[in-house]
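What follows is a short report on a single structure.
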Amino acid sequence: MSGGSLGLGIRSGSYGSLEKQLQSGVSPIQTARKPSKMIKEKERLFHWICKFAGRKKVGMLFLCVISAAVFIWVLYVGKGEDSPEGNSVHSISVNESMSISMTDSSPMVSTVKITGFTTNSVLPPPPPSYFLGYTLSPGHPCNSFTLPPPPADKKRTGPRPCPVCYLPVDDAIALMPMFPSPSPVLKNLTFIYEENLSRDGEFGGSDFGGYPTLRQRNDSFDIRESMNVHCGFVRGIKPGRNTGFDMDEDDLLDMELCRGIVVASAIFGNFDEINEPKNISEYSKKTVCFLMFVDEETEKYLRSSGRLGISKKIGLWRIIVAHNLPYTDARRTGKIPKLLLHRMVPNARYSIWLDGKLELVVDPYQILERFLWRKNATFAISKHYRRFDVFVEAEANKAAGKYDNASIDFQIEFYKNEGLTPYSEAKLPLISDVPEGCVIVREHVPISNLFTCLWFNEVDRFTSRDQISFSTVRDKLLSRVDFHFHMFLDCERRNFVVQKYHRDVLERLAAPVAVALNPPPIPPPPPPFSMLETLPEKVVIPTVRRGPGRRGRDRRPGSRRHRKVVAGVACTAQSVAFSFCSLPTARVPPDPYLRISPSPFHVVPFPKRELRVRVLQKKIDHVEALKIRISFTAELSMGSSSAFFVICILHSLIAMTSGALMMFYMKEVYTFGHGVQTATKLLGSTPHDQLLIKTSDSFSGLLLVAIGFLLFMVSFVRDRDFQSFFAKGCTLLHVFMALWRIYFERKVEDLAWDWLRQTVGDVLLALSWVFFLVYSWREKYD
């Protein structure tokens, strides 16, 4: 009975009577003498596994089971972290004696409970996910670098480059941040897409950039965590596809593959020459995307000149052609890749923008390290070399005819009503309100992308002169967030870019000469300078009437007028021709590499008639000589291209004719050239040999036809450097062919009578290319 009652007690205890046993003071563990049925089944399962798997493999089996359990636990924990329930607790029990729980609300603290004991352990912080800047090591030369005084050169008073302390290329590459810079407040930036444009309450704008209202404009300056703003390309979801400024699919795909650094530039209206970057490291050539945006007019010129081929590359530049341009003004069109590059290259981290007239002479990694990473900035631009006030900049644009005066006045008045004030020392540490916008260095983070979007909206809404709207957008953003903005000296910008001449500079030189082709007779000589009156009160500045010209929102790029402007006073070509310009000096912020003439010009009364005649006569002589030189150069270039075309066509006909005869009339050619007996030997004696020889000859003929077709295509290339290179290669090829005939072909008995004739033919073909080279060299050096 005792055994039965004991067994019954154990059985009832296993089914929930543990509370009663504890009340009677009997421990179920102490009374359990006989193992339960479940334990026996576990032991049988264990012995069965050991028997089936073998003793030596039991440890490996347990290891696999534990690994699987850990893997499933990791998956479970990861799924719990991704679930929307933020305060859930995950628990794991081991042998019902230890539990580990982690609470999502405190990822830095873990709680471990072991049989009644609770332990809180602090986990190490996760690695930083943002780039927070760095400092160079103590004693580094760049830490103590200062600008040396400018060289003493009284003849040169304009802007000039100054030294910049760059790191070596390898060091700059090693310092490239692994994480992006933080974007204050703004974390998610999206762009407005309007299939049907709404023009209700519009205040400026275009079909490309949309027609945002004043309320939308003001709301875009209110920085929030998530924002949706106008940023061009409003008529399509993906920029470049039926949005205006359309691009080919292969170009869009190549831009999406740019995931690091982008160097971009643009040429519209065929206004500039493409400048090849210099001093670029091999690593940058492999990892940096060099993108050059052009319009169809520029593409046509590049293809006709032979510089642009099917590879769509000119040196390092990848040429991207933009179609369906949204503006007729090339300057306004150029603001699209300049300010909206982050929309066209969505995966890039950093970008460097260069105007089409600039040549890059420093490696991109060194530029980014010097002006962004070392300064912990996300946007860098240089200040204007002379002007620093928006009001002065507006007057200078009006005097130079850069844009319609009424539009500039309206924009300035609008900004004044918003609170725009002249630049003063109160705005320090901001050193200028006017940038030299031809170079922009920036990181593609949401806050800098928002800045360029809002800047483009101002350009689209008002005038295309982005220097006028820059300070308004910058100050509105800086008043709300700590935007990491860096403005450097203009002389530092001139250190890594070199400004080149525009393509139409010769046309601009010739333009003012149409005033007097028949100058009046030269008057008697003027009195000596000692007799002339030089009192300051005699200074007279003549008033020059300016024609109406072409102005407006979308005036043609070819109608630009370039005049030197200082402090709002215009020196036109006519005023320079008839008298001196008296230019008042302006207060300029300290720039050690900007030297200004110590005093304004003192105008001396001078006989206007003689001065006018002398200046005009000198200009006429200069321009006439220039026209003669240009026409002579064009004639020489045309003659050289014609000679190359004729020689290529001649060689092409010879090669294609010989190839066709070898493919289809080989027996007749052998019989005509060698006689029946020799032709029989050359064609083979057995059917198998004849088939092999016929196949070989036909393939040789096919190669000759291909060579002839290639020469036909090459004949249309107009690049003189390529023509010279191709002619030299063909000359060497014919010389090597003649040498082969002399040393090898003449040893074949059946061909002994043909090698001399064929060698003479090779020499004649080589001489034709030598003739072209001599002709082109004579044109070049004469």
Side-chain angles (χ1 to χ4, degrees), residues 157-159 268-269 271-272 329-335 338 355-358 382-413 415 422-423 432-438 459 462-471 490 499-512 515 541-586 588 594 596-597 600-601:
T157 60
F268 297 110
F271 196 62
D272 293 292
D329 183 8
R331 292 187 178 184
R332 192 183 296 272
T333 304
K335 302 303 184 293
K338 176 179 180 178
D355 276 2
K357 63 185 177 181
L358 301 180
S382 67
K383 73 182 191 70
H384 196 274
Y385 71 96
R386 183 180 297 273
R387 294 184 289 274
F388 53 93
D389 187 83
V390 177
F391 295 92
V392 178
E393 175 68 19
E395 293 300 320
N397 278 267
K398 289 164 56 178
K402 298 288 186 178
Y403 208 83
D404 179 60
N405 289 0
S407 300
I408 296 178
D409 291 337
F410 175 79
Q411 184 177 5
I412 291 296
E413 191 65 26
Y415 289 160
Y423 179 83
S432 176
D433 279 349
V434 181
E436 188 67 57
C438 57
V459 172
F462 296 106
T463 67
S464 62
R465 308 305 299 171
D466 52 3
Q467 295 96 333
I468 298 178
S469 55
F470 168 80
S471 63
D490 178 72
Q499 182 169 331
K500 300 291 185 176
Y501 290 108
H502 293 300
R503 189 193 307 280
D504 61 344
V505 78
L506 295 179
E507 299 176 1
R508 295 207 312 270
L509 286 176
V515 284
I541 302 177
T543 302
V544 180
R545 297 185 60 185
R546 187 169 59 242
R550 181 183 295 272
R551 294 183 181 177
R553 180 180 177 87
D554 291 324
R555 62 188 179 87
R556 292 165 51 189
S559 63
R560 298 179 177 90
R561 285 172 294 172
H562 296 266
R563 284 173 260 170
K564 299 294 182 181
V565 180
V566 180
V569 179
C571 288
T572 62
Q574 291 86 351
S575 60
V576 172
F578 300 146
S579 66
F580 295 105
C581 280
S582 177
L583 305 179
T585 57
V588 181
L594 175 63
I596 304 177
S597 180
F601 292 106

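Index from 1, following the sequence. Values reported hereafter were calculated over all heavy atoms of this structure, with side chains retained and with hydrogens, waters and symmetry mates removed.
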What heavy-atom pair brings [X] and [Y] nearest, and what distance separates the two atoms?
X    : Y    : result
D272 : G356 : CB-O, 3.9 Å
S432 : K383 : CB-CB, 3.7 Å
G334 : F268 : CA-CE1, 3.7 Å
V390 : I468 : CG1-O, 3.7 Å

Please round to the nearest 0.5 Å and tell me the distance separating atom [atom1] of [X] and atom [atom2] of [Y].
X    : Y    : atom1 : atom2 : result
E395 : D409 : CD    : CG    : 7.0 Å
Y423 : E393 : OH    : CD    : 15.0 Å
T463 : Q411 : OG1   : CD    : 4.0 Å
D355 : C438 : CG    : SG    : 5.5 Å
K398 : D404 : NZ    : CG    : 10.5 Å

Can you find a pair of side-chain heavy atoms, one from [X] and one from [Y], that are under 4.5 Å apart?
X    : Y    : value
N397 : Y403 : no
E436 : Y385 : yes
Q467 : R387 : no

Looking at residues at least two apart in the chain, or sitting in another chain, which of them share a side-chain contact (heavy atoms from CB on, under 4.5 Å) with D466?
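Testing D466 for side-chain contact (heavy atoms from CB on, under 4.5 Å), a comparison that skips the adjacent residues, returns K335, K338, W455, V459.
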With sequence neighbours excluded, residues passing ring pair (Phe, Tyr, Trp, His ring centres under 6.0 Å) with Y415
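F462.
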Taking only residues two or more places apart in sequence or in another chain, which ones pass side chain to side chain donor-acceptor pair (under 3.5 Å) with D389?
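D389 satisfies side chain to side chain donor-acceptor pair (under 3.5 Å) with no other residue.
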